[in-house]
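The structure appears right after this line, and notes come after that.
As the structure is a computational prediction, the values presented were derived from the model and not from experiment.
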Amino acid sequence: MENGRYEWGDEERDADQESMHVLYKIPPGDGPYARAKHLQLVEKDLDASIPWFWKAVNSCDRIDSALKDMVVVMKQRERSEEAIEAIKSFRHLCSKQAQESLDNLLIDLYKKCGRTKEEIELLKRKLRKIYIGEAFQGKTTKRARSHGKKIQVSVKQETSRVLGNLAWAYMQQQSYIAAEVVYRKAQMIDPDANKACNLSVCLIEQGRLEEANQILTDILQRKYMTYSDSKIFKRAEELMDRINSQTKFLIWDKKEEPVDDESRMEDDMIEILDMAIKQWAPFRSKRLPIFEEISAFRDPVAC
């Protein structure tokens with residue numbers, strides 16, 4: 001104690017730093033990555049953290065985490081295009097275990113930037129990895145995070161999720177026929193009300209109102225399990241109103257979608273699915289039983 005003030009010794013200072021590292025999950029030491037995390041989490045100065053993340057990447061200081069964390073911060077600071085280039089330029093320095101997380105970040109960035117074509121290609125690449133057993137490293141489940149919690153995700157759930165994202169991307173391109181078929185495949189694997197709503201939109205856009213109405217009726221009759229009933233039901237009711245109005249939102253003289261190499265996604269997807277099904281013969285089907293569930297489905301629109 002000196003002049004009424006308490007002077008910290010080395011032990012107290014070290015203890016405080018250790019508790020801060022535990023609280024904010026900041027790595028020990030004074031390297032670039034530790035400094036970047038301190039700026040990001042403690043000082044909440046995201047802009048100042050980015051140069052230090054760059055230094056960590058360039059010096060390979062915890063490069064897996066440094067690159068992923070930097071990309072997240074860049075996205076928060078509306079620097080998504082720069083984040084995309086960072087992943088493309090430095091992912092080859094990261095471990096094999098980090099590649100899937102980087103792909104997921106890249107998909108989100110493509111979506112945010114409206115780069116739908118690249119998003120679709122990456123989603124299809126993820127599907128191929130799932131089909132040949134690379135994504136889960138031969139296992140039937142993997143650990144993931146959802147809303148900050150650790151969960152177990154199955155091959156079945158992941159395949160349906162990726163198919164749902166792929167169908168949504170095709171909806172953004174207004175390729176409603178392709179989106180419809182992919183949504184139907186996703187629903188055969190792991191049905192839910194949200195994808196059902198999106199499927200009904202695809203049908204409405206094609207003028208197939210009766211089919212869309214039946215799907216929405218099933219949602220409102222609680223034939224699908226969902227974690228956000230009120231929002232889903234509200235959306236289903238709005239789509240029902242859209243069908244019933246038959247005025248502002250419907251185009252009766254809808255032109256047939258152009259068929260070219262970019263819009264014929266479903267032909268490509270059918271080929272990928274068929275290839276996967278053939279690879280996973282019955283005696284190996286325990287690893288990826290999902291393919292047996294969808295092998296018999298070929299939508300007439302896609303043929």
Side-chain angles (χ1 to χ4, degrees), residues 67-92 94 98-132 134-136 142 144-147 153 155-187 189-190 192 194-202 205 257-273 275-276 294 299 301-302:
L67 181 57
K68 288 187 285 187
D69 289 346
M70 181 178 70
V71 164
V72 170
V73 172
M74 284 180 169
K75 181 182 176 183
Q76 292 172 335
R77 302 306 295 161
E78 302 297 332
R79 295 168 62 175
S80 295
E81 293 285 355
E82 187 179 351
I84 289 172
E85 295 307 313
I87 293 177
K88 289 184 174 181
S89 298
F90 293 97
R91 68 180 306 165
H92 69 281
C94 297
Q99 298 304 316
E100 184 177 357
S101 296
L102 292 171
D103 278 344
N104 291 334
L105 287 170
L106 204 50
I107 288 169
D108 287 340
L109 291 166
Y110 284 147
K111 183 182 298 184
K112 185 176 179 64
C113 294
R115 294 167 63 167
T116 310
K117 182 178 179 181
E118 291 161 293
E119 179 188 354
I120 287 171
E121 289 305 314
L122 188 48
L123 285 167
K124 287 160 68 175
R125 196 185 313 159
K126 284 181 69 68
L127 284 171
R128 290 188 184 96
K129 288 182 179 179
I130 294 173
Y131 296 155
I132 64 177
E134 288 184 0
F136 282 52
K142 70 172 183 177
R145 283 188 173 273
S146 177
H147 305 289
V153 178
V155 174
K156 181 177 181 178
Q157 292 170 323
E158 179 70 359
T159 304
S160 179
R161 184 188 70 83
V162 176
L163 282 172
N165 289 340
L166 181 62
W168 176 258
Y170 273 92
M171 283 183 68
Q172 306 318 296
Q173 289 189 331
Q174 298 184 346
S175 297
Y176 296 112
I177 294 175
E180 175 203 343
V181 181
V182 180
Y183 271 130
R184 289 191 185 278
K185 290 182 181 296
Q187 288 292 78
I189 298 166
D190 189 21
D192 66 58
N194 184 56
K195 289 196 290 289
C197 272
N198 290 336
L199 174 57
S200 71
V201 172
C202 295
E205 292 295 340
E257 290 189 14
V259 179
D260 54 32
D261 290 340
E262 292 185 3
S263 66
R264 288 182 62 84
M265 180 286 312
E266 182 53 22
D267 286 346
D268 182 34
M269 187 55 57
I270 288 290
E271 182 180 350
I272 294 171
L273 288 172
M275 176 187 69
I294 60 179
D299 193 281
V301 174

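- Scanning all heavy atoms of the two residues, the minimum distance from Ala179 to Cys202 falls at CB-SG, 3.7 Å.
- A distance of 5.0 Å separates CD1 in Ile189 from CG in Leu163, rounded to the nearest 0.5 Å.
- Under a 3.5 Å cut-off, the side chain of Ser200 and the backbone N or O of Cys197 do form a donor-acceptor pair.
- Using a 4.5 Å heavy-atom threshold, the side chains of Met74 and Ser80 count as separate.
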Practice prompt. Check the pair Asn198, Trp168 against side-chain contact (heavy atoms from CB on, under 4.5 Å), reporting the backbone distance first and the verdict last.
Written response: CA-CA 8 Å; Asn198 290 336; Trp168 176 258; 3.8 Å; yes

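- Considering Lys88, Lys111, Lys124 as possible partners of Glu118, the one that fulfils the salt bridge (Lys or Arg N to Asp or Glu O under 4.0 Å) test is Lys88.
- Contacts classified as salt bridge (Lys or Arg N to Asp or Glu O under 4.0 Å) and involving residues 168-179 (residues at least two apart or in different chains) are not found.
- For the pair Asn165/Ile107, no side-chain contact is recorded, criterion being any heavy-atom separation below 4.5 Å from C-beta on.
- With a 4.5 Å cut-off on side-chain heavy atoms, Tyr110 and Thr116 do not count as touching.
- Note that CD1 of Ile87 and OG of Ser101 are 10.5 Å apart. Values are rounded to the nearest 0.5 Å.
- Salt-bridge formation is detected for the pair Glu180/Arg184: a Lys NZ or Arg NE/NH1/NH2 atom is positioned less than 4.0 Å from an Asp or Glu carboxylate oxygen.
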Practice prompt. Step by step, work out the side-chain contact (heavy atoms from CB on, under 4.5 Å) result for Lys185 and Thr159.
Written response: CA-CA 10 Å; Lys185 290 182 181 296; Thr159 304; over 6 Å; no

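- With contacts defined as side-chain heavy-atom distances shorter than 4.5 Å, the pair Asp103/Lys129 qualifies.
- With contacts defined as side-chain heavy-atom distances shorter than 4.5 Å, the pair Leu122/Arg125 qualifies.
- To the nearest 0.5 Å, atoms CG (Leu109) and CZ (Arg79) are separated by 13.0 Å.
- Residue pairs meeting the ring pair (Phe, Tyr, Trp, His ring centres under 6.0 Å) criterion with at least one member in residues 70-90, sequence neighbours excluded: Trp54-Phe90.
- Every side chain to side chain contact (heavy atoms under 4.5 Å, CB included) that Asp108 has, sequence neighbours left out, goes to Lys75.
- Side-chain N/O atoms of Asn104 and Lys126 include a donor and acceptor closer than 3.5 Å.
- Annotation: the span from Arg91 atom CZ to Leu105 atom CG amounts to 9.5 Å, rounded to 0.5 Å.
- Electrostatic pairing of Arg161 and Asp190 does not count as a salt bridge here, judged by no charged N lying under 4.0 Å from a carboxylate O.
- Atoms OH and OH, from Tyr183 and Tyr170 in turn, are 13.0 Å apart once rounded to the nearest 0.5 Å.
- Here the CD-NZ distance, from Glu81 to Lys112, works out to 11.0 Å after rounding to the nearest 0.5 Å.
- For the pair Leu67 and Cys94, the tightest heavy-atom approach, listed with the atom from each and the gap, is CD2-SG, 3.7 Å.
- Remark: side-chain polar atoms of Ser160 are not paired, donor with acceptor, to backbone N or O of Lys156 under 3.5 angstrom.
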